[in-house]
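One structure is given here, and the rest of the page talks about it.
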Amino acid sequence: MALGLTVSLVFFFLGLFGGVALGWLFIGSSLIGLSVAGMPLSFTAGTFYHSLFSEVLMAIGFFVYAGSLISEAGLADRIVRFSYALVGRIRGGMEIVSIVATLFLSALTGSSVPCISALIPLLVPRLAKYGYEPKYTTAILCSSSFLGYLIPPSVPALVYCLVAQQSVTAVFLATVVPGLLIALGYGVLNFYLCPKYMNMAIASEHELPPAAFSERMKEIMSSTWGALPALGCPLIILVGIYGGIFTPNEAGAIATIYCIFVGLFAYRELTKKGFWNATLSSLVSIGVIAVLIAAGTVFARYLIRLGVAQEVANWMLGLFESKIMIMLMVNVLLLIMGMFIDGIPILILAVPLILPLMKELDVNLVHLGAIVILNVGLGVITPPFAMSIFVGSRLSGCSYGELVPIMMKFLLLVGIPVLLLTTYIPALSCWLPTVILGPNVVGPW
């Protein structure tokens with residue numbers, strides 16, 4: 001059995017660094033390990049099937065489709081105008097527009113790549129006219145891209161709930177306060193950093209003076225009216241779920257229908273080609289997620305059957321006596337995984353392995369959800385393997401080397417401190433779901 005585990009892990013890490021697709025790698029590692037150990041292969045088929053036989057997977061599919069439709073339906077420009085009306089006239093305000101627009105749009109899409117794919121082509125050239133260097137705008141957008149993981153509806157939160165068997169509504173709420181803290185921290189840091197990345201000659205030429213109060217209120221009202229159909233989507237979802245009107249699955253279906261309606265009749269920018277592109281990209285994304293969940297669950301169950309989860313728990317408990325140090329090491333482990341692996345595979349692989357340890361430490365699993373999802377989000381912006389940097393570099397024309405130093409400032413000065421606060425102050429993640437859903441749903445924290 002030990003030989004099978006060793007061969008399986010060696011095959012997994014060699015394949016990982018060799019660029020093998022993770023879905024095939026999960027399945028291959030499981031089958032090779034079982035074969036070497038002389039164990040039956042029959043459990044793999046049943047595990048593969050039952051991991052997909054879940055209502056939560058339906059919700060993931062619906063929200064992915066809704067996010068793709070939003071990207072094609074012309075919502076980004078109206079979100080930017082609305083954000084500019086709110087915060088665009090303070091120091092560094094145009095970059096705060098980037099953060100606020102990302103916050104709103106990521107809440108609509110529920111993931112990172114569609115959000116920055118819509119905003120980078122729209123904002124980077126526009127803000128360059130106001131003196132902001134393209135690399136700085138791109139770095140802020142990439143650093144903010146994972147806010148969609150923290151502001152519901154969130155695909156990673158749904159995956160966590162699927163793996164850890166937790167309340168979707170509670171985990172959705174658990175990440176809201178950490179998400180808002182990161183957005184606020186980014187805004188404050190931008191206030192001090194932005195002069196370093198501005199061409200003041202261009203800024204003084206194009207930056208408009210503050211408008212009169214009446215004119216500003218008129219612009220806010222006008223932009224709000226234009227953005228209402230877009231902002232109505234998360235409002236309907238959140239009120240529906242937390243008001244007990246419909247389930248997260250039904251919320252995803254309603255969000256999809258609503259986005260189609262807004263794109264066709266409110267903004268009239270959802271064309272046949274755009275609808276087909278959204279459908280095709282959603283099918284591909286949902287297929288990839290489904291294969292990763294099913295194959296990753298097989299590999300995780302294989303490791304659990306061999307007692308790896310309990311061994312990890314015993315090792316961590318033996319290595320550190322302090323709960324503070326153990327939680328710190330869990331964060332370090334997840335962040336290191338995020339440097340090399342995408343978010344969903346981390347959730348599928350790591351959560352089953354650390355659950356016994358967290359239960360041993362009496363960590364609330366809703367609180368754990370906020371910690372894990374925040375770690376996964378930070379992994380999106382952590383080099384060397386950072387999907388947001390790859391996408392941002394390709395769309396903006398800025399090099400990888402130009403973006404990383406700026407993004408590290410936001411990661412180290414805002415992202416990591418908020419992660420530590422979330423880890424060691426359970427109230428940041430558990431207070432809101434407890435107030436809204438009650439202590440019976442959330443449990444003691």
Please report the closest heavy-atom contact between S144 and Y186, naming both atoms and the distance. OG-CD2, 3.5 Å
Answer yes or no: does atom CZ of F261 have more than 12 heavy-atom neighbours from other residues, nucleotides or ligands under 6.0 Å? no
For the residue pair Y136 and Y197, categorise the inter-ring angle as parallel (less than 30°), tilted (30 to 60°) or perpendicular (more than 60°). parallel
With a 6.0 Å cut-off (strictly less than), is the heavy-atom count around CD1 of I324, excluding the residue itself, greater than 12? no
Heavy-atom closest pair (L334 atom, V372 atom, distance to 0.1 Å) is CD1-CG2, 4.1 Å
Pairwise side-chain contact, L162 with V168, heavy-atom cut-off 4.5 Å (strictly under): no
Does H367 reach the side chain of L428, with side-chain heavy atoms less than 4.5 Å apart? no
Quick one: are P433 and V441 in side-chain contact, heavy atoms under 4.5 Å? no
Nearest 0.5 Å, what's the CD1-CG distance between I99 and L184? 9.5 Å
For the CG atom of N375 and the CD1 atom of I336, what is their distance to the nearest 0.5 Å? 11.0 Å
Does the T138 side chain pair with the main chain of K135, one donor and one acceptor, at a distance under 3.5 Å? no
Where is the tightest heavy-atom contact between V366 and Q166, given as atom of each residue plus distance? CG2-OE1, 3.9 Å
Flag the pair V435 / L173 as yes when at least one side-chain heavy-atom distance between them is below 4.5 Å, and no otherwise. no
Considering non-hydrogen atoms only, spot the tightest contact between L150 and T175 and give its length. O-OG1, 2.7 Å
Can you tell me how far CD1 of I371 sits from OH of Y160, rounded to the nearest 0.5 angstrom? 8.5 Å
Is the closest side-chain heavy-atom distance between I182 and F410 below 4.5 Å? no
Which is it for V177 and S429 under the side chain to side chain contact (heavy atoms under 4.5 Å, CB included) test, yes or no, and what are the steps along the way? CA-CA 7 Å; V177 173; S429 54; over 6 Å; no
Less than 4.5 Å apart, side chain to side chain, heavy atoms only: is that true for L181 and V414? no
Rounded distance [0.5 Å steps], OH in Y65 versus CD1 in I257: 10.5 Å
Using a 4.5 Å cut-off on heavy atoms from C-beta on, say whether the side chain of V330 contacts that of M358. yes
Backbone N/O of V442 and side chain of N364: donor-acceptor pair under 3.5 Å: yes
In Å and rounded to the nearest 0.5 Å, what is the CG to SG distance from L365 to C430? 10.0 Å
Quick one: closest heavy-atom pair of P405 and E402, and the distance? CD-O, 3.7 Å
Can you list the steps and then say if T279 with L283 is a side chain to side chain contact (heavy atoms under 4.5 Å, CB included)? CA-CA 6 Å; T279 303; L283 288 173; 4.2 Å; yes
I need the minimum non-hydrogen distance between L374 and L419, along with the two atoms involved. CD2-CA, 3.5 Å
Any side-chain heavy atom of S143 within less than 4.5 Å of one from L411? no
Measure the CG-CZ distance between L437 and F172 for me, rounded to the nearest 0.5 Å. 12.0 Å
